[in-house]
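Worksheet for the structure shown next.
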Protein chains: 2
Amino acid sequence: MTDINEPVRTARTATGAAPKETAGIADEAQTADPALLDLAELLFFAYRDFTREPDKILDEFGFGRAHHRVLHFVNRRPGMRVADLLKILKITKQSLGRVLKQLIDEGFIVQEEGKLDRRERLLYPTDRGHELAARLAEPQLERVARALRASRRRGDAKIETFLYQMISEADRPHVERLLRTKLNMDHKQGEPQ
Amino acid sequence: MTDINEPVRTARTATGAAPKETAGIADEAQTADPALLDLAELLFFAYRDFTREPDKILDEFGFGRAHHRVLHFVNRRPGMRVADLLKILKITKQSLGRVLKQLIDEGFIVQEEGKLDRRERLLYPTDRGHELAARLAEPQLERVARALRASRRRGDAKIETFLYQMISEADRPHVERLLRTKLNMDHKQGEPQ
DNA sequence: AAAATAAGTCAACATGACTGACATAAATGA
DNA sequence: TCATTTATGTCAGTCATGTTGACTTATTTT
């Protein structure tokens with residue numbers, strides 16, 4: 001142990017001042033169920049690992065995560081308009097414009113003039129785009145499927161279990177240790193470590 | 001009903017009886033259960049909205065999401081070393097260094113020399129840091145709690161439901177519509193558009 | 001004919017990642 | 001003891017991706 005901090009209770013603000021329990025303010029967070037914060041952390045870890053494999057593949061193409069998102073949605077919903085993408089991604093037109101242009105220039109997406117409204121530019125994946133989208137999706141689907149299987153295997157239908165299983169296997173022991181070593185634990189149970 | 005995807009027939013048995021453990025490689029994504037891709041999309045939307053409120057608060061301080069992560073983990077596990085943070089965040093020392101320095105300079109975190117190993121710099125939140133961490137956590141905890149309540153209310157312990165409820169209420173109708181309108185659906189039913 | 005809408009563009013800037021090269025202090029071990 | 005390893009910090013440069021703000025063009029709507 002002592003991986004992070006030793007006796008959990010010794011946590012103080014290092015300003016010398018005693019912990020004082022209520023630093024006032026949003027005590028919501030302090031009195032809240034620690035399990036909620038655990039879930040928030042698990043979501044962070046799950047998402048952190050969820051994006052790793054695709055990111056690595058994208059690197060080969062000189063693309064980033066933004067390209068992945070655009071390609072994914074266009075691939076899954078061909079004929080989507082630029083405005084639709086903006087609403088989904090919640091980024092600015094300029095931000096989208098940059099990555100979309102690259103995807104078009106490099107032949108992963110094509111535009112087509114709308115038939116009903118010729119102002120619209122409908123987006124479609126090319127074969128190449130479809131292929132890359134599938135390749136990027138593969139590790140993510142595998143990960144989600146694995147996590148669902150593991151959740152069901154454990155019988156508990158807990159969100160916590162699913163998110164934990166979304167973490168890359170190699171990192172799970174680390175996260176597990178982390179979740180056992182934190183502040184606010186002693187509220188519920190005097191779990192020593 | 002049909003909070004997320006109503007024609008569940010689309011998704012053969014959510015993660016299906018036969019995901020078949022390591023199915024074919026490349027075409028995995030094409031033949032895979034569409035519900036898995038739905039989950040991937042829901043995770044994206046959930047995370048997108050999960051970070052919005054804190055991001056807005058951080059703006060007031062001239063901080064970004066990176067500061068939030070560092071402050072959160074230091075606050076919840078006081079006495080953490082720099083190396084611990086690096087392992088958690090999986091970023092480079094230089095990246096961490098920049099935001100950590102700002103948090104220290106502006107009085108949200110303090111360092112203390114390790115007693116056992118004087119090379120170590122143990123990190124602690126100041127009162128101010130603790131306060132900000134709590135304020136940042138509050139909307140996220142609220143969101144997670146809400147999603148859990150809604151999940152339980154619906155009785156189905158589905159991950160899908162939880163992630164869907166993690167989306168900001170105002171955006172849920174949009175996402176719901178999106179999830180009903182996508183490719184791979186016509187495998188089962190000829191939904192036109 | 002005027003106004004609104006969909007898309008695109010230019011420019012400038014901020015954040016937070018990255019690599020690579022080093023520096024310093026302290027602990028460890030041969 | 002001296003050499004090596006470890007923990008941390010720093011300088012410098014680059015890249016990806018987000019932001020504002022100001023405009024343009026084409027087309028549809030009013």
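So that the names make sense, note that chain A is the first sequence line, chain B the second, and so on, each numbered from 1.
- Among the nucleotides D/dA7, C/dA7, C/dG16, the one closest to any side-chain atom of A/V82 is C/dA7.
- The existence of a salt bridge linking B/K56 and B/D59 is excluded, since no basic side-chain nitrogen approaches an acidic carboxylate oxygen closer than 4.0 Å.
- Of the candidates D/dT27, D/dT17, D/dT19, the closest approach to any side-chain atom of A/Q94 belongs to D/dT19.
- Side-chain proximity of A/K93 to D/dT19, D/dT8, C/dA7: nearest is C/dA7.
- The base of D/dT8 lies outside donor-acceptor range of the side chain of B/R119, with no N or O pair under 3.5 Å.
- Using a 4.0 Å cut-off, no side-chain N or O of A/R48 falls inside it from OP1 or OP2 of C/dA17.
- When each of D/dT17, D/dT19, D/dT5 is scored by its nearest atom to the side-chain atoms of A/I91, the top-ranked nucleotide is D/dT19.
- Atom-to-atom, CG of A/D55 to P of D/dC15 comes out at 18 Å; the value is rounded to the nearest Å.
- For A/T92 and D/dG18, the shortest distance from a side-chain N or O to OP1 or OP2 is not below 4.0 Å.
- Of the inter-residue distances, the one linking A/D49 atom CG with A/D171 atom CG reads 5.5 Å to the nearest 0.5 angstrom.
- Summarising the geometry, the separation between CZ on B/R65 and C1' on D/dA16 is reported as 14 Å, rounded to the nearest angstrom.
- At least one side-chain nitrogen or oxygen of A/H67 sits closer than 4.0 Å to the OP1 or OP2 atom of D/dT17.
- Here the nucleotide nearest the side chain of B/R81, chosen from D/dT10, D/dA7, C/dG8, is D/dA7.
- Among the nucleotides D/dT8, C/dC18, D/dT27, the one closest to any side-chain atom of B/A83 is D/dT8.
- For the pair A/R77 and B/E41, the salt-bridge criterion is met [side-chain N within less than 4.0 Å of a carboxylate O].
- For A/R118, the side-chain atoms get nearest to D/dT27 when compared with the rest of C/dG8, C/dA27, D/dT27.
- Residue A/G64 is the one, among A/D117 and A/G64, whose nearest nucleotide of DNA chain D lies closer to the 5' end (criterion: closest heavy atom).
- Between A/R180 and A/E176, at least one side-chain nitrogen of the basic residue sits less than 4.0 Å from a carboxylate oxygen of the acidic one, meeting the salt-bridge criterion.
- In this structure, the nucleotide among C/dT19, C/dG8, D/dT28 sitting nearest to the side chain of A/Q111 is C/dG8.
- Among the nucleotides D/dT17, D/dT8, C/dA7, the one closest to the side chain of A/A66 is D/dT17.
- Heavy-atom distances to DNA chain C give each of B/Q102 and B/K115 a nearest nucleotide, and the one nearer the 5′ end belongs to B/Q102.
- Residue B/S95 places at least one side-chain N or O closer than 4.0 Å to OP1 or OP2 of C/dC18.
- We find that A/D84 and B/R177 are not joined by a salt bridge, their nearest charged nitrogen and carboxylate oxygen being 4.0 Å or further apart.
- Atom NZ of B/K56 is separated from atom P of C/dT15 by 18 Å (rounded to the nearest Å).
- Taking CD of B/Q165 as the reference point, atom CZ of B/R172 lies at 4.5 Å (rounded to 0.5 Å).
- Nucleotide D/dT8 holds its C1' atom 10 Å from the CG atom of B/L96, rounded to whole Å.
- The residue among A/L122 and B/E113 whose nearest nucleotide of DNA chain C lies closer to the 5′ end is A/L122.
- Residue B/L86 is the one, among A/L116 and B/L86, whose nearest nucleotide of DNA chain D lies closer to the 5' end (criterion: closest heavy atom).
- Between the C1' atom of D/dG18 and the CZ atom of B/R52 lies a distance of 12 Å, rounded to the nearest Å.
- Put simply, CZ on B/R143 and OG1 on B/T51 are 8.5 Å apart, with the number rounded to the nearest 0.5 Å.
- For B/L89 and C/dT15, the CG to C1' distance is 16 Å, given to the nearest whole Å.
- Rounding to whole angstrom units, CZ of residue B/R121 and C1' of C/dA26 are separated by 9 Å.
- Atoms CG (A/L100) and C1' (D/dG18) sit 16 Å apart, rounded to a whole Å.
- Out of C/dA21, C/dA26, C/dG16, the shortest distance to the side chain of B/R98 is found at C/dG16.
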